[in-house]
Amino acid sequence: MHEDDKPLVSPKKSSTRGKRKVKVESEDDDDAPLVKKPVAATKARGKATKKDEGSDAEVSKPKKKGSKTKKEGDSGEETPKKGKKAKKEDEEDEDIHRWWDNENPAGDGTQKWQTLQHNGVYFPPPYEPLPSHVKMKYDGKPVNLPEEAEEVAGFYGALLETPHAEDAVFNKNFFRDWLEVLKRYPPLDGTKIKEFALCDFRPMFEYFEAEKAKKKALSAAEKKELKKAKDELEAPYAHCFLDARKEKVGNFRIEPPGLFRGRGEHPKKGSLKKRVRPEDVTINIGPHEVIPEPNVPGTWKQVIHDNTVTWLANWVENVNQNHKYVFLAAGSSLKGQSDMSKFEKARELKNYVDRIRADYREDLKSKQMADRQRATAMYLIDVLALRAGNEKGEDEADTVGCCSLRCEHVTLQPPNILSFDFLGKDSIRYFKQVEVDPQVFKNMRIFKQNKTDEDALLDRVHTSKLNAHLNGYMKGLTAKVFRTFNASQTFQIQLDEKTPHNGTVQEKLNAYNEANRMVAVLCNHQRTVPKTHEQSMTRMGDKVRQLKYERMKLRHVLFGIDRKYKKNKKYAEDESDIDEEAVVEIEEKMNEKEKEKAEKKFAKENERLVADDKKPQDDCVLQERLEEIDTEFERLAKERGTGKASLKRERPAEKIEEAIDKLDERINTAKLQMVDREAGKEIALGTSKINYLDPRITVAWCKKFDVPVEKLFSKTLLQKFPWALEAGSDWKF
DNA sequence: TATTTAACTTAGTACCCTAATT
DNA sequence: AATTAGGGTACTAAGTTAAATA
């Protein structure tokens, strides 16, 4: 692998080591001449730098982007016609940086930027006190709170109808932190707030709800107006210039204050997450750029110039002392390159995985306990796609991964089934019974010997050691690469095997989703069952029964036409679940619906007549129509159980046969849809699509099977994966 | 070497928007 | 035209990992 000098790709380590801390300006003096100008770069855009840094990366552009570039070219002034109607205002028309055209676009190096210009971060607007008539109550009496205390009370008030308000830990933490605020900002009327149980936040809650409703009731135009105003305020922060290219910033808004919503049994949930001020925020910017002003009063904690990192700003959040960063958006070159190298690394694992597997299978029998445990861990990571599983602290939710499994999390079901039950990342339950290699089963029995439930199952394995071991096989190999590798590999294989070559687009999409789901199951990607799931299931079920009913009727018509059909097995058999009772139910429902429809139609017709200055139809017209429907209903009632039926309009037997075939098809797809829906109700497909499946697999598949990629990648996903869109139809993971 | 910290990826959910449905 | 379901996005918590520190 040759070292190349592309600006974004530097050879790593040697050059970056030791520079993690703050980089002093003078160190960068050597490249000063290159970047002096961009101080005024807001206007200059790519132009100036193109000349200066020239050549690299841009070579392929003129051809394709000719027209676009020209437009950008006359930069400075706006061409009067420009944006008028040609484009929707949101169409960005940036010429994308084709970094993946470079010879070694992802390399394995740290990306090191040359210039970085941005406007800092966007602080949320300051707190606006509630109107004076909205007051929480204490012991039944309204309390006059200073705004600092009111704000925090409001955070809680907004959550009244959520499960958080029922959570003892959440309440305790909130109340503790709120009391702390109250100490500094006590009620203005002298109320002594002592007990949580005496607090009534409902007036606040109701006010918020009313405000929400008001906002919702605004006309579309007003909403648009508001959004536009907000966008304008935020616009300066939405993009930055990285090496003179405009790039989207991911999360340029500073997280607003609120109550910490930890997942699962997080001991700190409900704690007050304080408002972040400029004094808390460090910004990272090119050494020669104009230093931006915060949009709220105050000065930055620090301004640094560290081109070995990719963040624009950071601060430490007060609840868990977690570091928060402002990064570029997923579609940026920096993120794109890193994403691509992630998948390239996973592909590289293909060259080593056989060896690695052979080794750990061997080591499953090692005499050394540490080796045997490590091998077992690797088995779990490789086969079950478990996460590495770092140790966690007392002040965090009790969740585990591979290396942090405890004895209580695995039970043995002879001869060789392991039953896993533990909470993983985000406190998502991993609950599976898995048939494992007999040696793994034996090992587990051994590892559990003489230990209590709370003891570590793999007490001799630690993530860092494990990763060091993996790194010995392949540079950069760590536990998490296996998840990426196995996910993408599984996906590719499933698609290759299961895609119906001559199927319809829908059938192909089904195969795709099936493969996607298989990966999601492997990685245990879950979601809460949608609220409406049950409802939509019954609705789908009703639809199937309706179809079956129609089929039955058609069959009966056939019997009336020719007795031979009764002999035909295809038609002789009754539809499942359509018994006498069901028929009654269906017909009653049909009757009801028909009447409703008739009434609506009647009303509409009259409206029209009135509008045309004619006189509306008499009610008896409606009555007549309703009676007709009832007559039909009675006719059907008489048919019940006779095994015969007639149609309103006669049709030849062969047409009916065709219709039945069509119904069969519809019944089948509807049933499949139900099965599909039920199977997927708690499986999240998105996570694997975004993080684990090499997008080139999807792109190649789309090309090969002639499916538009837009059916599978949303707009943002398309923006995230520009580098993958050029994969050929025969590309393989 | 063990522990801590910094930086980055991965994750589910709340909420918004859009398209299907009524 | 209004409602609703479900897809998409924003948000930020919770992981992993390498490097810094003790």
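Naming: A, B, ... by sequence-line order, numbering from 1 per chain.
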Open item on the list: Is it the case that over 12 heavy atoms from other parts of the model lie below 6.0 angstrom from the NZ atom of A/K681?
Closed with: yes
Open item on the list: So A/G401, base contact, sugar-phosphate only, or nothing? Heavy-atom distance under 4.0 Å.
Closed with: nothing
TODO: Whole angstrom is fine here: how far is it from NE2 in A/H323 over to P in B/dT5?
DONE: 8 Å
- [ ] Ignoring backbone atoms, establish whether A/S338 has a side-chain N or O less than 4.0 Å from OP1 or OP2 of B/dC8.
- [x] no
- [ ] Using atom CD1 of A/I381 as one end and atom P of C/dG15 as the other, report the distance to the nearest whole Å.
- [x] 16 Å
Open item on the list: With a 4.0 Å cutoff (strictly under), does any side-chain N or O of A/N251 reach OP1 or OP2 of C/dC11?
Closed with: no
Task: Side chain of A/K342 (C-beta onward), nearest among B/dT9, C/dA14, C/dG8 - done: B/dT9
Open item on the list: Both A/T484 and A/Y325 contact DNA chain B. Which one's nearest nucleotide lies toward the 5' end?
Closed with: A/Y325
Open item on the list: Just to verify, what does A/K216 make a salt bridge (charged side-chain N to carboxylate O under 4.0 Å, His left out) with, not counting sequence neighbours?
Closed with: none
TODO: Determine the contact category for A/S536: base if any of its heavy atoms lies under 4.0 Å from a base atom, sugar-phosphate if only primed atoms, P, OP1 or OP2 are that close, otherwise nothing.
DONE: sugar-phosphate
Open item on the list: What is the distance, to the nearest angstrom, from the CD atom on A/Q535 to the C1' atom on C/dT3?
Closed with: 13 Å
Open item on the list: Under 4.0 Å from OP1 or OP2 of C/dG15: is there any side-chain N or O of A/T399 that close?
Closed with: yes
Task: Any A/T310 side-chain nitrogen or oxygen under 4.0 Å from OP1 or OP2 of B/dC8 - done: yes
TODO: Assign each of A/I690 and A/A388 to its nearest nucleotide of DNA chain C by heavy atoms, then name whichever residue's nucleotide is nearer the 5' end.
DONE: A/I690
Open item on the list: Using the side-chain contact (heavy atoms from CB on, under 4.5 Å) criterion, which residues pair with A/Y207? Sequence neighbours excluded.
Closed with: A/L130, A/P131, A/V134, A/E211
Open item on the list: Please confirm whether the shortest side-chain N or O distance from A/K268 to OP1 or OP2 of C/dA13 is below 4.0 Å.
Closed with: no
Task: Any pair counted as side chain to side chain donor-acceptor pair (under 3.5 Å), so long as it reaches residues 313-330 of chain A, sequence neighbours left out - done: A/E255-A/K324
Task: Distance, rounded to the nearest Å, where A/L334 contributes CG and B/dA7 contributes P - done: 15 Å
Open item on the list: Does A/A479 reach a base, just sugar-phosphate, or nothing at all? Heavy atoms under 4.0 Å.
Closed with: sugar-phosphate
TODO: Quick one: which residue pairs count as a salt bridge (Lys or Arg N to Asp or Glu O under 4.0 Å) with a foot in residues 513-525 of chain A, not counting sequence neighbours?
DONE: A/E514-A/R517, A/R517-A/D676
Task: Gap between atoms CD and C1', on A/E391 and B/dA2 respectively (whole Å) - done: 11 Å
Open item on the list: Quiz question: by atom type and distance under 3.5 Å, do the side chains of A/T463 and A/N390 form a donor-acceptor pair?
Closed with: yes
TODO: Sugar-phosphate means primed atoms, P, OP1 and OP2; the rest is base. With that split, encode nucleotides 11-17 of chain B 5' to 3' as B, S or - using protein heavy atoms under 4.0 Å.
DONE: SBS----
Task: ring-ring contact (aromatic ring centres under 6.0 Å, His included) against A/F260, all qualifying residues, sequence neighbours excluded - done: A/H266
TODO: Count the heavy atoms belonging to other residues, nucleotides or ligands that lie under 6.0 Å from CD of A/E391, then report whether that count exceeds 12.
DONE: no
Open item on the list: Please determine whether a side-chain nitrogen or oxygen atom of A/K392 lies at a distance below 4.0 Å from atom OP1 or OP2 of C/dG15.
Closed with: yes
TODO: Name the residue closer to the 5' end of DNA chain C, choosing between A/E710 and A/R539 according to the nucleotide with the nearest heavy atom.
DONE: A/R539
Open item on the list: Please report the distance, rounded to the nearest Å, between NZ in A/K715 and C1' in C/dA10.
Closed with: 13 Å
Open item on the list: What is the distance, to the nearest angstrom, from the CD atom on A/Q321 to the P atom on B/dA6?
Closed with: 11 Å
Open item on the list: Can you tell me if A/K273 touches the phosphate of C/dA13, counting only side-chain N or O atoms and a distance under 4.0 Å to OP1 or OP2?
Closed with: yes
Open item on the list: Would you say A/K480 places a side-chain N or O within less than 4.0 Å of OP1 or OP2 belonging to B/dT10?
Closed with: yes
Open item on the list: Taking only side-chain N and O atoms of A/T478, does any of them lie within less than 4.0 angstrom of OP1 or OP2 on C/dT17?
Closed with: yes
Open item on the list: Side-chain N or O of A/N314 versus OP1/OP2 of B/dA7: is the shortest distance under 4.0 Å?
Closed with: yes
TODO: Decide if the gap between the ring center of A/H525 and the ring center of A/Y692 is smaller than 6.0 angstrom.
DONE: yes
Task: Sugar-phosphate, base or nothing in reach of A/G424, heavy atoms under 4.0 Å - done: sugar-phosphate
TODO: Take the protein atom NZ of A/K345 and the nucleotide atom P of B/dC8, then report the distance between them rounded to whole Å.
DONE: 13 Å
